[in-house]
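First the structure, in the form of structure tokens, and then the observations on it.
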Amino acid sequence: MPNIGESTYSGLLLGLHGNNYQIPVTGISVLNPKDVLKNMISELTEQTADYKGIDIQVSREDIVCFDEYIIGPGYTRPTAEMIEAVKLLAKTEGVLLDPTYTGKAMAGLIDLAKQGYFRKRPSPNRKVGDASHKCWVDN
């Protein structure tokens with residue numbers, strides 16, 4: 001999931017925990033360092049649970065974020081990996097990605113897949129989300 005903030009990730013995590021689904025959510029930050037993003041997600045998840053009056057505890061260990069893919073020359077600036085990911089998806093799937101969010105997130109997803117990060121999970125990923133926030137949820 002490309003992450004610039006905490007809202008989509010928090011909602012997914014809270015909803016999954018609230019329904020007793022043990023499905024991990026992997027976030028790829030495209031702006032904030034992972035520690036900053038984890039704090040934002042943790043705070044919003046707690047605030048939302050309090051607001052809704054539900055007793056759900058989500059630990060920081062449940063929040064999985066990678067920030068290795070945001071470095072590059074700067075925010076909104078393309079990286080070689082992002083360009084490669086954008087070209088790959090355009091050529092093989094006919095899907096266009098932007099350089100800021102989905103391109104960098106896809107570069108991260110491809111890199112994590114190459115490293116074997118998703119092998120320990122038995123099911124393929126499915127994409128959920130709206131046009132501004134896309135998520136890859138292992139199910």
Side-chain angles (χ1 to χ4, degrees):
M1 155 189 319
N3 288 112
I4 59 166
E6 68 283 7
S7 60
T8 302
Y9 193 109
S10 296
L12 259 172
L13 198 58
L14 193 58
L16 291 169
H17 274 70
N19 287 289
N20 295 315
Y21 291 114
Q22 300 302 314
I23 301 172
V25 180
T26 302
I28 298 175
S29 180
V30 295
L31 177 61
N32 296 301
K34 66 182 166 188
D35 289 336
V36 170
L37 188 58
K38 281 181 130 182
N39 287 337
M40 293 166 61
I41 292 168
S42 182
E43 285 178 28
L44 184 60
T45 302
E46 185 178 316
Q47 291 170 359
T48 304
D50 288 345
Y51 176 77
K52 297 301 282 179
I54 50 179
D55 184 26
I56 297 175
Q57 300 297 319
V58 176
S59 71
R60 281 185 54 84
E61 290 76 35
D62 293 326
I63 303 170
V64 180
C65 298
F66 293 89
D67 63 1
E68 294 86 356
Y69 309 102
I70 64 172
I71 306 302
Y75 185 66
T76 75
R77 304 294 301 270
T79 63
E81 297 82 7
M82 182 281 304
I83 293 169
E84 184 180 328
V86 168
K87 286 180 178 180
L88 175 68
L89 250 64
K91 181 179 177 181
T92 61
E93 305 298 327
V95 175
L96 300 178
L97 304 174
D98 72 274
T100 304
Y101 304 110
T102 56
K104 286 186 179 180
M106 183 56 69
L109 179 69
I110 291 169
D111 184 60
L112 289 172
K114 285 179 180 177
Q115 293 178 38
Y117 177 78
F118 299 104
R119 281 195 202 122
K120 58 187 165 197
R121 294 172 179 86
S123 301
N125 299 316
R126 67 183 156 93
K127 185 176 88 176
V128 297
D130 61 33
S132 63
H133 294 87
K134 289 162 182 63
C135 318
W136 287 273
V137 179
D138 298 323
N139 59 2

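With rounding to the nearest 0.5 angstrom, the NE2 atom of His17 is 3.5 Å from the CG atom of Asp62. Rounding to the nearest 0.5 Å places OG of Ser42 at 9.5 Å from CD of Gln47. The distance from the NZ atom of Lys87 to the CG atom of Leu97 is 13.5 Å, given to the nearest 0.5 Å. A distance of 11.0 Å separates OG1 in Thr45 from CG in Asp50, rounded to the nearest 0.5 Å. Atom CD1 in Ile54 sits 8.0 Å away from atom OG1 in Thr48 (nearest 0.5 Å). Ser10 contributes atom OG, which lies 11.0 Å from atom CD of Glu46 (distance to the nearest 0.5 angstrom).
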- So Lys34 and Ile28, side chain to side chain contact (heavy atoms under 4.5 Å, CB included) or not? Walk me through it. CA-CA 9 Å; Lys34 66 182 166 188; Ile28 298 175; over 6 Å; no

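In this structure, Asp67 contributes its side chain and Pro33 its backbone to no donor-acceptor pair below 3.5 Å. A side-chain donor-acceptor contact under 3.5 Å links Asn19 to the backbone of Gly15.
Closest of all the heavy-atom pairs between Ile63 and Lys38 is O-CE, 2.7 Å. Here the closest heavy-atom approach between residue Gly103 and residue Ala85 is recorded as O-CB, 4.1 Å. Shortest non-hydrogen contact noted between Thr102 and Asp98 is OG1-OD1, 2.7 Å. Closest approach of Ala105 and Val30 over heavy atoms only: N-CG1, 4.2 Å. What you find for Ser29 and Leu37 is that their closest heavy atoms are CB-CD2, 3.8 Å.
Under a hydrophobic clustering in which Ile, Leu, Val, Met, Phe, Trp and Tyr are joined whenever their side-chain heavy atoms come within less than 4.5 Å, directly or via other members, Leu89 and Val86 fall into the same cluster. Hydrophobic cluster membership is shared by Ile41 and Ile56, with clusters built from Ile, Leu, Val, Met, Phe, Trp and Tyr side chains linked at under 4.5 angstrom. A single hydrophobic cluster is seen to contain both Met106 and Val64, as judged by linkage of ILVMFWY side chains at heavy-atom distances under 4.5 Å, directly or through other members.
Heavy atoms of other residues, nucleotides or ligands lying less than 6.0 angstrom from CD of Gln115 number more than 12.
Listed by chain and residue number, Glu84, Ile110 satisfy the side chain to side chain contact (heavy atoms under 4.5 Å, CB included) test with Lys114 (two or more places apart in sequence, or in another chain).
Looking at Thr26 and Tyr117, their side chains do bring a donor and an acceptor atom within 3.5 Å of each other. Residues Glu43 and Asn39 have side chains that never bring a donor and an acceptor to within less than 3.5 angstrom of each other.
Looking only at side-chain heavy atoms (C-beta outward), Leu44 and Tyr9 stay at 4.5 Å or farther from each other. Residues Pro99 and Met82 form a side-chain contact, since some pair of their non-hydrogen atoms from C-beta on lies under 4.5 Å apart. In this structure, the side chains of Lys104 and Thr79 come closer than 4.5 Å at one or more pairs of heavy atoms.
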